[in-house]
Protein chains: 2
Amino acid sequence: MTDDTRQNILAAAEALFLSHGYHGSSMRQIAKQAGYSAVSGLYNHFGNKEALFEALIQDRNPYQDVLAVLAEVEGQDGPDLLRNAFAALQAVFVDYQTFLKLLLIDLNEFEGRFVRAIWGEVMPEVLRFAQRVRQAGGIRQDVALPLMLQAFGGLLISSMVANAVASGLLGQAAPSDETVIDVLIEGLAVD
Amino acid sequence: MTDDTRQNILAAAEALFLSHGYHGSSMRQIAKQAGYSAVSGLYNHFGNKEALFEALIQDRNPYQDVLAVLAEVEGQDGPDLLRNAFAALQAVFVDYQTFLKLLLIDLNEFEGRFVRAIWGEVMPEVLRFAQRVRQAGGIRQDVALPLMLQAFGGLLISSMVANAVASGLLGQAAPSDETVIDVLIEGLAVD
DNA sequence: GTCTATACGGTGATAGAC
DNA sequence: GTCTATCACCGTATAGAC
């Protein structure tokens, strides 16, 4: 299959999945939206609905951008690194807000199978970043690395969710604040 | 309908929703599990599948327990209050781990409609708790209340998710740590 | 009221003719 | 690529028995 037809189908599937959910979007609807007049046209390119969704997750995830941020972020010390990485990741996720919905679908329908596969590839780079933070200095050494990452990730997620809620993606409006990480950094910094 | 038949149906629906998801659990399966030989037996008690799910969310949510914790938690100062509330809420959510899955279903299938309704009743008490924390002293006054709540909630959620992942509810195992809140409190405390 | 039996249009998916 | 059937299953509605 050419890359054009593939992207055409993925775009149709994405639009429907985002607006009507996974089970709310039928293969017949996706086929129609993609310009086919019969469902079989879809099954010529993707084995089944699940394979179509997996292709969508593989194509739309922020994997590359997150890896780039973690590898290239700079800072004078640990707190500076954390602050810069947090801001850079927030900026990345602004462009991937719709991916949040795909992630939810993955969690619900496939027990997070597809996102976990991607996470497996990102995790090594995350650990490498955490070690960079620790070695850059200015961070309390009595805080374990997993604990620091859980706090960092939790705040990042809560910031993304607050952002998504504010933009009406998942619910109703709520005020967003970009400095939530500063409180954590204050707690992590050496006295 | 008697409370027995109601709880019988809810238990059957919960077991199936948790193990096979919302669309993976058919009304026929639920009816069978609840002891009926025809689907219609279900429709005598719940108007449709969505109403059945809503009743389940209403019946299984931690609303009462969370309200009780927020109203009754004590502490010598702000940091102490935050620490005690965090621990108490963590303890509550241990008993409601399966509710996480119902929450996910609500987010995915109903845009979080049912959980938002519950949240609307909890929020006033949450704000009252935040003001108690601030007035109890020992907390930086330059940190806005919504920011403090977002950080507190984000860490609570990340702790719950880490717990759920560790228990295999949502995915594969990961180490859990109960002191993630201490880092935040360190950042919130007055110098 | 509570249960059973049956029926309707939709679904994901397959098979075959053009 | 298109059409058309066909399959089992889905949520739901209805008619009727006790």
Side-chain angles (χ1 to χ4, degrees), chain A residues 1-58 102 104-111 113-114, chain B residues 1-59 101-102 104-111 113-114:
Chain A
M1 119 179 85
T2 73
D3 200 62
D4 263 6
T5 68
R6 177 187 169 87
Q7 285 300 326
N8 176 40
I9 295 176
L10 287 184
E14 181 179 35
L16 283 166
F17 285 155
L18 291 180
S19 57
H20 296 96
Y22 184 75
H23 290 279
S25 314
S26 72
M27 292 296 269
R28 289 167 174 82
Q29 284 178 303
I30 298 174
K32 196 174 190 177
Q33 177 108 351
Y36 297 90
S37 52
V39 222
S40 344
L42 235 57
Y43 284 95
N44 287 329
H45 300 289
F46 295 95
N48 54 33
K49 197 178 183 180
E50 178 176 330
L52 175 52
F53 178 79
E54 178 177 8
L56 192 58
I57 280 247
Q58 293 289 346
L102 297 182
L104 267 186
I105 292 176
D106 180 42
L107 272 183
N108 239 317
E109 310 292 344
F110 309 106
E111 294 88 43
R113 188 191 320 159
F114 303 129
Chain B
M1 124 180 80
T2 73
D3 200 62
D4 263 7
T5 66
R6 177 187 169 87
Q7 285 300 326
N8 176 40
I9 294 177
L10 287 184
E14 182 180 34
L16 283 165
F17 284 155
L18 290 180
S19 56
H20 296 96
Y22 185 74
H23 290 280
S25 313
S26 74
M27 292 294 270
R28 286 167 176 83
Q29 284 179 301
I30 298 173
K32 194 174 190 178
Q33 177 107 350
Y36 297 91
S37 56
V39 220
S40 346
L42 237 56
Y43 284 92
N44 287 326
H45 302 287
F46 296 94
N48 52 34
K49 196 177 182 179
E50 178 175 331
L52 175 52
F53 178 78
E54 178 177 9
L56 192 58
I57 281 249
Q58 293 288 347
D59 193 81
K101 174 70 178 171
L102 298 182
L104 265 186
I105 291 175
D106 180 43
L107 272 183
N108 237 316
E109 311 292 343
F110 309 107
E111 295 85 44
R113 190 191 319 158
F114 303 129

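Note that the coordinates shown come from a computational prediction; the quantities given were computed from them, not determined experimentally. Values below: all heavy atoms of this structure, side chains included; hydrogens, waters and symmetry mates excluded. Chain naming here is simple, since letters A, B, ... match the order of the sequence lines and numbering starts at 1 in each.
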Expected string for nucleotides 6-18 of chain C under the B/S/- scheme (protein heavy atoms, under 4.0 Å, primed atoms plus P, OP1, OP2 as sugar-phosphate) is -B---BBBBB---
Quiz item: Is any side-chain heavy atom of A:Glu14 less than 4.5 Å from a side-chain heavy atom of A:Leu10?
Solution: no
Across all chains, not counting sequence neighbours, the ring pair (Phe, Tyr, Trp, His ring centres under 6.0 Å) partners of B:His23 are A:His23
Is the shortest side-chain heavy-atom distance between B:Asn44 and B:Met1 below 4.5 Å?
no
When rounded to whole Å, the CD to C1' distance for the pair B:Glu109 and D:dG11 reads 14 Å
Quick note, side-chain hydrogen bond (donor to acceptor under 3.5 Å, both in side chains) partners involving residues 45-55 of chain A, not counting sequence neighbours, are A:Tyr36-A:His45, A:Glu50-A:Arg113
Original post:
Is there a donor-acceptor pair closer than 3.5 Å between any side-chain N or O of A:Asp106 and the backbone N or O of A:Ile57?
Top reply: no
Computed from five pairs at either end and rounded to 10 degrees, the angle between the axes of the helix from C:dG1-D:dC18 to C:dC18-D:dG1 is 10°
In whole angstroms, the gap separating C1' of C:dT2 from CE of B:Met1 amounts to 12 Å
Taken in chain and number order and not counting sequence neighbours, the residues that satisfy ring pair (Phe, Tyr, Trp, His ring centres under 6.0 Å) with B:Phe53 are B:Phe17, B:Tyr22, B:Phe110
Closest non-hydrogen contact found for B:Leu42 with B:Ala31 is CD1-CA, 3.7 Å
To the nearest angstrom, the CG-P distance between B:Leu42 and C:dA5 comes to 15 Å
Ordered by number, residues from residues 4-16 of chain A within less than 4.0 Å of DNA chain D (heavy atoms) are none
Atom CZ of B:Phe46 and atom C1' of D:dA13 are separated, to the nearest Å, by 19 Å
From CD1 of B:Ile30 across to C1' of D:dG11 the rounded distance in Å is 11 Å
Report which part of the nucleic acid A:Gly41 touches: base, sugar-phosphate, or nothing (heavy-atom distance under 4.0 Å, all strands).
sugar-phosphate
dist A:Glu109:CD -> A:Leu104:CG (nearest 0.5 Å) comes out at 10.5 Å
When rounded to the nearest 0.5 Å, the distance separating CD1 of A:Ile30 from NZ of A:Lys32 is 13.5 Å
When every non-hydrogen atom of B:Gln33 is compared with those of B:Ala12, the smallest separation belongs to CG-CB, 3.5 Å
*Is the backbone of A:Gly21 close enough, under 3.5 Å, to the side chain of A:Ser25 for a donor and an acceptor to pair up by distance?*
yes
